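Everything quoted here is computed from the prediction, not taken from an experiment. Counting begins at 1 with the first residue of the sequence.
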Amino acid sequence: MSDIRARILSVGTYVPEKVLTNAYFESILDTSDEWIMTRTGIRERRVVDRDNPMSAAEMGCRAARAAMERANVSADSIDGIIVATFTPDNFFPSTACRMQADLGCRDAFAFDMSAACAGFVYALTVANNMIVSGQAKTILVVGSEVISKTLDWSDRGTCILFGDGAGVVVLQADGVKSKGIQSCYLSSDGSMGDILKLPAWGSERYLSMKGSEVFKHAVRMMSDASVKAAKRAGLSIGDIDLLIPHQANIRIIQSIADMLSVPMDKVVTNLDRYGNTSSASIPLALEEAWTAGRVRDGSKVLFVGLGGGFTVGSAVCII
């Protein structure tokens with residue numbers, strides 16, 4: 001087994017300036033701030049300005065520049081860019097290729113991954129494997145989403161939930177086995193694909209979701225994935241210092257914490273201000289926790305996410 005570990009050196013994020021509060025939805029839908037807060041935990045979310053739209057690549061580049069500056073790595077030292085997104089700017093060229101050109105990472109490979117809200121953990125897993133196997137030394141792992149362009153703004157069950165944003169981590173090879181990514185776990189169940197989906201073709205290209213079904217499976221699958229990632233790392237859930245779940249819904253997060261017997265003071269949440277940003281949600285939460293001093297040297301952090309597909313992924317990382 002390789003002595004190399006892939007270590008998260010830094011994280012950078014970007015969210016659009018435009019804020020949609022729950023009051024906005026009160027003005028266009030049969031809903032209320034209390035109804036939204038009670039069922040989701042969301043107070044506001046960031047969305048790109050329709051009159052001055054921003055691409056997933058542009059948001060990703062802004063987050064990447066912040067992460068690269070913090071890690072003190074140059075564009076020339078980046079070996080690869082992996083972008084997790086279900087809202088790419090084009091079918092091709094990929095969002096990652098756009099970022100590679102804009103960032104000036106001349107020798108880097110670049111490609112997109114589609115695993116919906118589990119995308120960041122999927123991309124992190126692939127990047128980890130490439131580093132451990134010696135195929136790359138430094139990789140940008142990106143989650144960038146412009147979900148607002150996929151929404152039916154008359155559908156109360158979906159449009160209140162989502163926001164736009166991007167997050168990037170710099171992942172680099174390190175010989176210190178006590179640091180870095182210790183384990184990853186991925187799983188999928190395509191038989192449940194119709195519960196949460198976004199068609200690529202046809203006249204109704206809107207995100208659709210059967211909320212109660214998603215809730216039930218999300219709690220079960222994310223809890224199970226968390227336990228499996230901890231076990232692969234030779235740890236128990238009780239050994240984990242911080243749980244950073246995909247920011248889907250506060251009731252889902254609280255139910256996972258209850259199922260795992262993790263106190264909420266060990267769980268990172270920020271969906272009250274950003275909503276569900278899909279693949280960007282975990283790095284957005286990681287940056288907030290790191291900046292606030294909740295992530296320290298040697299912290300054992302568990303990431304877990306579930307997305308349409310169904311896809312589920314988890315990873316244990318020692319910072």
Side-chain angles (χ1 to χ4, degrees), residues 5-8 11 82 84 86 113-132 139 141-143 167 169 171 179-190 192 196 214-249 252-264 266-271 276-286 289-290 294-295 299-319:
R5 287 284 189 272
R7 187 175 180 183
I8 295 177
V11 58
I82 305 176
F86 74 85
M113 293 187 64
S114 177
C117 298
F120 179 78
V121 180
Y122 270 59
L124 189 72
T125 300
V126 172
N128 174 63
N129 290 342
M130 295 186 79
I131 287 173
V132 170
I139 299 177
V141 182
V142 184
V169 299
L171 197 67
K179 298 289 182 69
I181 296 175
Q182 304 295 303
S183 68
C184 297
Y185 170 79
L186 302 180
S187 181
S188 303
D189 188 344
M192 294 190 287
L196 176 57
V214 171
F215 184 100
K216 176 177 64 177
H217 295 298
V219 173
R220 173 181 58 83
M221 294 175 71
M222 289 172 71
S223 298
D224 179 66
S226 298
V227 171
K228 287 179 176 174
K231 185 176 180 180
R232 287 185 178 183
L235 302 170
S236 69
I237 292 295
D239 296 321
I240 300 299
D241 296 308
L242 216 56
L243 173 64
I244 304 184
H246 163 55
Q247 305 289 298
N249 178 303
I252 289 175
I253 293 172
Q254 289 171 340
S255 296
I256 292 168
D258 288 343
M259 186 168 286
L260 297 175
S261 298
V262 174
M264 284 301 293
K266 283 189 172 185
V267 182
V268 180
T269 62
N270 65 359
L271 82 164
N276 181 344
T277 55
S278 187
S279 64
S281 74
I282 287 176
L284 279 168
L286 173 63
W290 211 328
R294 298 180 68 186
V295 177
S299 288
K300 301 179 183 70
V301 181
L302 194 157
F303 305 127
V304 63
L306 176 134
F310 270 1
T311 56
V312 65
S314 54
V316 172
C317 182
I318 301 178
I319 302 299

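With sequence neighbours left out, the side-chain hydrogen bond (donor to acceptor under 3.5 Å, both in side chains) criterion links Arg294 to no other residue. For Cys117, the side-chain contact (heavy atoms from CB on, under 4.5 Å) test picks out His246, Asn276, Ser278, with sequence neighbours left out. Taking Ser188 as the reference, Tyr122 meet the side-chain hydrogen bond (donor to acceptor under 3.5 Å, both in side chains) condition, with sequence neighbours excluded. When the salt bridge (charged side-chain N to carboxylate O under 4.0 Å, His left out) test is applied to Lys300, no partner is found at least two apart in sequence or on another chain. Residues satisfying the salt bridge (charged side-chain N to carboxylate O under 4.0 Å, His left out) test with Lys179, not counting sequence neighbours, are Asp297. Residues passing the side-chain hydrogen bond (donor to acceptor under 3.5 Å, both in side chains) test with Asp189 are Ser191, sequence neighbours excluded.
With rounding to the nearest 0.5 angstrom, the CD1 atom of Ile181 is 4.5 Å from the CG atom of Leu171. Atom CE of residue Met130 and atom CG of residue Asn128 lie 11.5 Å apart, to the nearest 0.5 angstrom. Here the CE-NZ distance, from Met192 to Lys216, works out to 9.0 Å after rounding to the nearest 0.5 Å. Considering CG of Leu286 and CG of Asn270, their distance stands at 10.5 Å, rounded to 0.5 Å. Atom-to-atom distance recorded for Phe120:CZ and Ile244:CD1 is 9.0 Å, nearest 0.5 angstrom. In this structure, the separation between CG on Leu242 and CH2 on Trp290 is 11.5 Å, given to the nearest 0.5 Å.
Residue Thr311 comes nearest to Ala115 through the heavy atom pair OG1-O, 2.8 Å, listed as atom of the first residue, atom of the second, then distance. The two residues Ser183 and Ala229 come nearest to each other via the heavy atoms OG-O, 2.6 Å. Across all non-hydrogen atoms, the minimal contact from Ala127 to Val141 is CB-CG2, 3.6 Å. The nearest pair of heavy atoms linking Phe86 to Ala116 is CD2-CA, 4.1 Å. Looking at every heavy atom in both residues, Ala289 comes nearest to Val268 through CB-CG2, 3.9 Å. Across all non-hydrogen atoms, the minimal contact from Gly305 to Ala118 is O-CB, 3.6 Å.
Shown are Ile139, Thr125, Leu124; of these, the side chain to side chain contact (heavy atoms under 4.5 Å, CB included) with Ile82 is made only by Ile139. Screening Ile240, Ile318, Leu302 for a side chain to side chain contact (heavy atoms under 4.5 Å, CB included) involving Leu235 leaves a single residue, Ile240.
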For residues 255-264, run the donor-acceptor check on the side chains, cut-off 3.5 Å, and write out each pair with its distance to 0.1 Å, sequence neighbours left out.
residue: Ser255; atom: OG; partner: Arg251; partner atom: O; Å: 2.8

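Side-chain atoms of Gln247 do not come within 3.5 Å of backbone N or O of Ile253 as any donor-acceptor pair.
Val214 places a side-chain heavy atom less than 4.5 Å from the side chain of Phe310.
Listed by first and then second residue, the salt bridge (charged side-chain N to carboxylate O under 4.0 Å, His left out) pairs that reach into residues 228-243 are Asp224-Lys228, sequence neighbours excluded.
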